Peer 1: 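Before anything else, here's the structure in question.
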Amino acid sequence: MSHYDVVVMGAGHNGLVAAAYMAKAGKKVIVLERQPFYGGGVTTRELMTPGYFNDEHSATHVMILANPLIQNDELGLQSKFGLSYDYMDRSVVSVWDDGTVLVSWKDLDRTCEEFAKVSPRDAEVYRQFVQAGQKVLPMMMTGLAIPPTPLGAFVAMMDQSEQGRFMFDMMQRSARDIIEETFENELVKLHLLRAVAEALINPDDLGTGIAAFMSNAMLHTYGGGVPKGGSGKLSESLVKCIEHYGGEVRCDAEVARVIVSSGKATGLELTNGETFMAKDGVIGAIHPHVLDKFVEGVPEPVVKRAKRVTTTEISVNMIHLNLKKQASLKVGKEYHSHAVELMDFYTVRDMCMEFDKIRRGVPSSRLIGGFDVTHTDPSRAPAGSGVFYGVHLVPAKLHEGGLEGWDESKEAIADEALAQYRKFYDGIDDDNIIARHIGSPMDHQRYSPNSFLNGDIHGAANPFYQSMGHRPTPDLGDFRVPEVESLYLVGPAMHPGGGVTGGGRATAIQMMDDLGIDYDKVFNEEVR
């Protein structure tokens, strides 16, 4: 039996962030991870071939760049623990099969010049659209990095001003509604909607309008970035931080249960029987669907509501290719970016019909994006070689076979997507591929069975009823579990949502508040 102040289940980036904050706050911390490596969905590994480094899940970082974790370097990840970002001039690139290209640059003026090539009217409207978003961006982003406001209070607050009512309206509409009513040119609309869909969003879903509105304001304010050396360098820097402050990260340590005594979480027990006791509390990367698997004593109504949490219909059949020679866009190397959308449709209606297939469990080979990471980071492969990262949006559950059906279908579906990729890229033909790895929705759940349930790498869907203090449920929205004291939840299913957000900061703030730790005193001083 080992004794700590704080014991953490799961070394995904959210768990590592929470652990690092608690370690800097002076707590003796250990993080326990079932995999033989840490990082969860934020890893960079030699997945197939020595010398070729693949981002297995996340690649580009956007939301975390607005988090004080990065903005203010609260943990010293950049100043002290080796994290360094390559920031992208080209935030999003859309390429059509006829050679047409539209680029969203971080620079707003340059983006407006780009849009003016196809629609001078939309270029000016876009400027106003982004500037309107930037006015409310500080309020929105602050709320994403701290414990959420209760949903009822949030709605009441929004209803007190014209600007708030405008934002609330955006939260009820679909991304397609917002983009269609704002812009005229089909290419501009496709460019903006296809980028929003990267967050596993169906543009027709109600409640997604706020993403269409805010995402562009974010890109022009914070941009997008990729850690030098790969996405997993973020996780690596977090582990260094934890260890610097006296904490530990242990891999190959699968948790069997949260130890609960007299209604209080007091530790974690591994599948091998080893126990780690926690004086101050337990942080668990536990999806709501499996909460009762790990925690005894949770009230039945809470468990019932947790199991009703909606996961997204959209997942990803990831395509990783290690290449003899670097892959290149047929339209020209000057367009290479870490967010390249590849399209052979020219109307929003045509694109949305492809998303309709996903809603019915039928894959479409046309919803693809991808890039060779060595154009911006040659260190990821031997000189002249390539590492291709392909994002193919697919149904989480197949109409024929469900989630389990992916084991039989993933390679054939990847072949169909590769045929589509070859319309846009040179260098991904079979004779140039050294090795390939396909990560299906079923593989995602298998990889992270306590976070990526139903193949949802964002943990849970983003309808309005699963937002703010209601994400994932009203019971669990403050990261605490009713009637189980000192247990705190973390992970993509929790506020602020999936992707690389640094969401563990909010969990740590909640825990520190309960423990009477002065957050400002600890984190507004110079990094030690």
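Since the structure is predicted, the reported quantities are computational estimates derived from the model, not experimental observations.
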Peer 1: Only one of Val282, Val260, Ile259 passes side chain to side chain contact (heavy atoms under 4.5 Å, CB included) with Val295; say which it is.
Peer 2: Val260

Peer 1: Are Gln134 and Thr221 close enough that a side-chain donor and a side-chain acceptor fall under 3.5 Å?
Peer 2: yes

Peer 1: When you measure from the side chain of Tyr488 to the backbone N and O of Ala18, does any donor-acceptor pair fall under 3.5 Å?
Peer 2: no

Peer 1: Under 3.5 Å, is there a donor on one side chain and an acceptor on the other for Asn14 and Arg505?
Peer 2: no

Peer 1: Between Thr43 and His57, does any side-chain donor sit less than 3.5 Å from a side-chain acceptor?
Peer 2: no

Peer 1: Could Glu274 and Arg250 be called an ion pair, given the rule that one side-chain N must be under 4.0 Å from one carboxylate O?
Peer 2: yes

Peer 1: Less than 3.5 Å apart, any donor N or O on the side chain of Glu269 or Thr275 sitting next to an acceptor on the other?
Peer 2: no

Peer 1: Angle class for the Phe81/Tyr245 ring planes (parallel below 30°, perpendicular above 60°, tilted otherwise)?
Peer 2: perpendicular

Peer 1: Under the 3.5 angstrom rule, does the side chain of His338 hit a backbone N or O of Gly225 as a donor-acceptor pair?
Peer 2: no

Peer 1: Do His336 and His375 meet the criterion of a side-chain donor-acceptor pair at a distance under 3.5 Å?
Peer 2: yes

Peer 1: Relative to the ring of Phe523, is the ring of Tyr21 parallel (under 30°), tilted (30 to 60°) or perpendicular (over 60°)?
Peer 2: tilted

Peer 1: Would you confirm whether Ser91, through its side chain, and Gly224, through its main-chain N or O, come within 3.5 Å as a donor-acceptor pair?
Peer 2: no

Peer 1: Can you name the closest pair of heavy atoms from His220 and Asp107 and give their distance?
Peer 2: ND1-C, 4.0 Å

Peer 1: Does the side chain of Tyr425 come under 3.5 Å of the side chain of Asp372 through a donor N or O and an acceptor N or O?
Peer 2: no

Peer 1: Establish, from distance only, whether the side-chain atoms of Tyr519 and Glu74 form a donor-acceptor pair under 3.5 Å.
Peer 2: yes

Peer 1: Pick one: which of Leu102, Val103, Val331 meets side chain to side chain contact (heavy atoms under 4.5 Å, CB included) with Val95?
Peer 2: Val331

Peer 1: Using a distance-only test with no angle check, is there a side-chain donor-acceptor pair under 3.5 angstrom linking Ser231 and Asp55?
Peer 2: no

Peer 1: Tell me whether Arg34 contacts the main-chain N or O of Asp252 through its side chain, where contact means a donor paired with an acceptor under 3.5 Å.
Peer 2: no

Peer 1: Ring of Tyr4, cation from Lys28 - is the NZ or CZ under 6.0 Å from the centre and inside 45° of the axis?
Peer 2: yes

Peer 1: Quick one: are the ring centres of Phe166 and Phe213 less than 6.0 Å apart?
Peer 2: yes

Peer 1: If you take all heavy atoms of Pro227 and Asp377, which pair is closest and at what distance?
Peer 2: O-OD2, 4.5 Å

Peer 1: Are Ser79 and Asp73 close enough that a side-chain donor and a side-chain acceptor fall under 3.5 Å?
Peer 2: yes

Peer 1: Just verifying a value: how many Å separate Glu114 CD and Asp109 CG, rounded to the nearest 0.5 Å?
Peer 2: 13.0 Å

Peer 1: Once you measure the plane-to-plane angle for Tyr85 and His61, does it fall in the parallel (<30°), tilted (30-60°) or perpendicular (>60°) bin?
Peer 2: perpendicular

Peer 1: Search all heavy atoms of Ala306 against all heavy atoms of His289 and return the closest pair with its distance.
Peer 2: O-CD2, 3.3 Å

Peer 1: Between atom CG of Leu393 and atom CG of Asn317, what is the distance when rounded to the nearest 0.5 Å?
Peer 2: 10.5 Å

Peer 1: Is it true that Tyr52 and Arg45 share a donor-acceptor pair across their side chains at a distance under 3.5 Å?
Peer 2: no

Peer 1: Can you tell me if Asp456 uses its side chain to pair, donor with acceptor, with the backbone of Thr312 under 3.5 Å?
Peer 2: yes

Peer 1: Nearest 0.5 Å, please: how far is OG in Ser104 from CE in Met88?
Peer 2: 10.5 Å

Peer 1: Check the angle between the aromatic planes of Tyr447 and Phe37 and answer parallel, tilted or perpendicular using the 30° and 60° thresholds.
Peer 2: tilted

Peer 1: For Glu56, does its backbone N or O pair with a side-chain atom of Asn54 as donor and acceptor, under 3.5 Å?
Peer 2: no

